[in-house]
Amino acid sequence: MLEKKYNAQEKENKWLEYWKKNKIYEFKPDERKVFSIDTPPPTVNGKIHIGHIFSYSQTEMVARYKRLRGYNIFYPFGFDDNGLPSERLVEKEQGKKAHEIGREEFAKLCYKTTDKYEEEFQTLFSKLGVSTDWNIHYKTVSPATIKISQLSFLDLVSKGHCYHKESPALWCNECLTSIAQAELETKTIKTTFNYINFKTVEDGEEFTIATTRPELLPAIVCVFVNPDDEVHNHLIGKTAHIPVINEDVPIMADEKVAIDKGTGVVMCCTFGDQTDIEWWKKYNLPLKYIFTNDGRIIDEVPTYGGMKIKEARKQIIADLQNGGYVVKIEELEHEVQTHERCGKEVEYAVMKQWFIDIINHKADFLKIGNEIKWHPAHMHARYDEWVNNIAWDWCISRQRYFGVPFPVWYCQKCGEPIFAKKEDLPVNPLVDKPSIQQCPKCQGKEFIPENDIMDTWATSSVTPLINMRYGEKENYEKILKPMSIRTNASDIIRTWDFYTIVKSFYHFGQRPWDNIMISGFVMANKGEKISKSKGNSNAEPMQLINEYSADVIRYWAGSGRLGTDISFSEETLLRGKKLINKIWNVSKFIEMHLADYEDKTFNDFEYIDKWILGTFQEMEKGFIKYLDEFEVGLALNHLEKFFWNFCDNYIEIVKHRLYRPEEFGEIPRYSGQKTVYTILYKLLQDFSIFFPFITEEIYQELYHDEKSIHLTEIKPLKLDFAKEIENGNDIIDIISQARGEKSNKNVSLKTSIKNLTLSLNKELKEAIELAIKDFKATLFIENLNINEINDGYTIDKIELNLDIKEK
RNA sequence: GGGCGUUUAGCUCAGUUGGUUAGAGCAUCUGCCUUACAAGCAGAGGGUCUGCGGUUCGAGUCCGUAAACGCCCACCA
């Protein structure tokens, strides 16, 4: 028997245990088709916020839907614990920088810290009812993952897509590492635009250059003006004298200079920004790099050597002012590129880095993008836009400690890279030795290990390979190439999605997944993204689960359309709470009337029963259509609408028949029983996608034909009740109007109707006559008169029996 | 500056391929303790579907255009 009140906290824990014990979500290859999900391994860097709950729940619902459609679900869970995010977390918790702690000790702390958070993550996601198979979970720093990541690297090297080169790379002098274009975040900052007077060496003519970065004056290698700039083009070919620094550089022409920006005269440094780098390459300019890796001016620069970048900026401005070279200083707000992990402005550094060639294969990546079905479709445009605008090859080396090491040593004598053998992986070049004794190029016998580690994304981008156990004898390559679906939020299309496509293309020449499902964001306030750094979310997932139950949280998470931002709403939670309560109550009611029920073949359904069965069938069609597009929110909305109709209209009609067989007959009662039995079963299945706990509780109590409702299969009805649906809806409308009359008279719905006169078209008249007992009982009708008309229907007369009102 | 999205009731959102009087929840108001449910039930009020123009017998829905808001990118000399 279902209890009077549903105790969510108690039941949810009970079913969690049960699912775990009975391995309900275990993945085992069998004859069924596999539906595989490439879920984002969350970055283990602190707390899970409501945004995680939102997007992971949506993926989870897709898994449950496909399971109910008979697929064998491959649904692993990963933790992204390697790389910079983990390092920063540890640095924050320890209050010390990595280099102060020491490489080995620091790595230990990273493992310890990420383990701790992973446990918390796992507990929370479990409590939420995530139907993942925890046996196939992975971590991005485990030996198995490191091996695959290194294997991927070696494969790309052997195919010529990965190269080691001294080249300018984006550099973060807070994190002391190079970074990739995708890790940039634009930020608006306040700075000054400084107008500085220069002179030509030849004739002492003054001209002005406006710059936001006067500290780069010692790095100037030349000055550019646009050849079409009538005011300045006579300067071309002359020599500019740099004030304060006292050096001379050539004045050159380039069309890229914007005549109307600043003064129209530009100083070119190596490296101030991307244009500088372009010019450096185009005109083969000398290299004059003046920053140290930790953000100071190099000692070789007179006066300013050793100063921090910002200090030097101040000092140079002061010196320029003293010399009378400053024309004016404007306050300026502009956008700068910052490192998304720390928020500090990025610089450029020149050193040997490992790059993956992406510039030369844009067309291939676009082609793969076209082969994948995007949900919602418009997210595809974001991907294409990103690919089209890529300006740099993907720099995958990071000058950090905690991550996947490169399986590489260098010959001390000639610098030739020596790669590890595939069968020796995973290797740590700092500890392990290369398998060869001497350099194949110069016969040198001493080797230097690669100190750098790989970018986090270099590993995250191989999650499909991790899932398929790439390189292992026993693997899932056959069933996971490609995987069925990738799911993530829109912010990492340019990183995770793109890089995964890059890797998949280079390794296998094919798409990594058939589908990609992009979720939106949870907004804290209107137009404000929830983020850990802002701390603007007061919705604590664990607290919410305890207060409302996982099913209710899932109701909120499952609302809304794919790719659309939603805001956290207490109101939606309340609505979910009411819905779940209703499911419980109607199940109790149905259980009550099924005490003597035996399921057997039966075709003699009452008219109203045909109506609701047909209506359900139609609803489920739409429900399935939405879910096949992965629109879980719209599917739920659709289902919910039917469910309230079922409760408020159908149950109100059928209850009389169920309660009083002596009045209605045993067969009509059985018809009602069979109908509620059938529909509740199907409703529970459909709802189980969203509410795995309460549906399991009711299913186990009432049906129990499988070990779990989550192992049942949705089998759509195949009835032909189109007429009954149409006329049934009209009957409901008439009932509703009659109830309205009672409401308007401020009387109870139990008030009987002394006389009701209806005018109905022929078809509807016949329908009501077939459902006459139900119809009369529902409205408490004493006398009913029906006239036949050609079209439509009207209530001609309704006379309430008000005598029994008082009591 | 480029790409994409959003704009529907006081609030939060649905509205399949263009087709009767545009829907739901919350809020407001009026009633009803009806043998599952008062965490409920039955009703009522509330909308020039962001503006303008077009296609069509017919537009919330299609096309063009403008605005506001949001996301991503670029510019950053």
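- For the pair Asn581(A) CG and rA39(B) C1', the computed distance is 5 Å after rounding to whole Å.
- Residue-level contact check: Ser490(A) touches neither bases nor backbone, having no heavy atom under 4.0 Å from any strand.
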Next item on the list: Give the intermediate values and the outcome of side chain to side chain contact (heavy atoms under 4.5 Å, CB included) for residues Phe643(A) and Leu683(A).
Entry: CA-CA 8 Å; Phe643(A) 175 70; Leu683(A) 278 173; 3.8 Å; yes

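- Across all strands, Cys647(A) comes closer than 4.0 Å to base atoms (heavy-atom distances).
- Within 4.0 Å of Val265(A), counting heavy atoms only, lies no atom of the nucleic acid at all.
- Distance Tyr555(A) OH to rU12(B) C1': 11 Å, rounded to the nearest Å.
- Rounded to a whole angstrom, the distance from the C1' atom of rA24(B) to that of rU34(B) is 25 Å.
- With Tyr793(A) as the fixed residue, the side-chain hydrogen bond (donor to acceptor under 3.5 Å, both in side chains) test singles out one of Asp733(A), Asn727(A), Asn761(A): Asp733(A).
- Taking atom CG on Asn746(A) and atom C1' on rA42(B), their separation rounds to 11 Å, with Å as the unit.
- As a whole-Å value, the separation of Glu571(A) CD from rA27(B) P is 7 Å.
- A straight line from CZ of Arg494(A) to P of rG3(B) spans 19 Å, rounded to a whole angstrom.
- Using a 4.0 Å heavy-atom criterion, one finds that Arg213(A) contacts no nucleic acid atom at all.
- Relative to the side chain of Ser736(A), the nucleotides rG15(B), rG43(B), rG3(B) differ in distance, and rG43(B) lies closest.
- Using a 4.0 Å heavy-atom cutoff across all strands shown, Phe193(A) reaches sugar-phosphate atoms only and no base atom.
- Out of rC75(B), rA42(B), rC32(B), the shortest distance to the side chain of Asp648(A) is found at rA42(B).
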Margin query: Once pairs are restricted to Watson-Crick or G-U wobble with both distances under 3.5 Å, how does RNA chain B read as a dot-bracket string, [ ] for crossings and | for other-strand pairs?
Written below: (((((((..((((.....[...)))).(((((.......))))).....(((((..]....))))))))))))....

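- Rounding to whole angstrom units, CZ of residue Phe642(A) and P of rU16(B) are separated by 21 Å.
- With respect to the salt-bridge test (charged N to carboxylate O, under 4.0 angstrom), the residues Lys745(A) and Glu741(A) qualify.
- Going from atom CG of Asn645(A) over to atom C1' of rA24(B) covers 13 Å, rounded to whole Å.
- Relative ring orientation between Tyr677(A) and Tyr703(A) is described as tilted, the plane-to-plane angle lying within the 30° to 60° band.
- Base engagement by Arg382(A) is indicated by at least one non-hydrogen atom pair under 4.0 Å involving a base atom.
- If you check distances only, the side chain of Glu741(A) never reaches the base of rG43(B) with a donor-acceptor pair under 3.5 Å.
- Of the candidate nucleotides rU35(B), rG40(B), rG15(B), rG40(B) has the atom lying nearest to any side-chain atom of Lys582(A).
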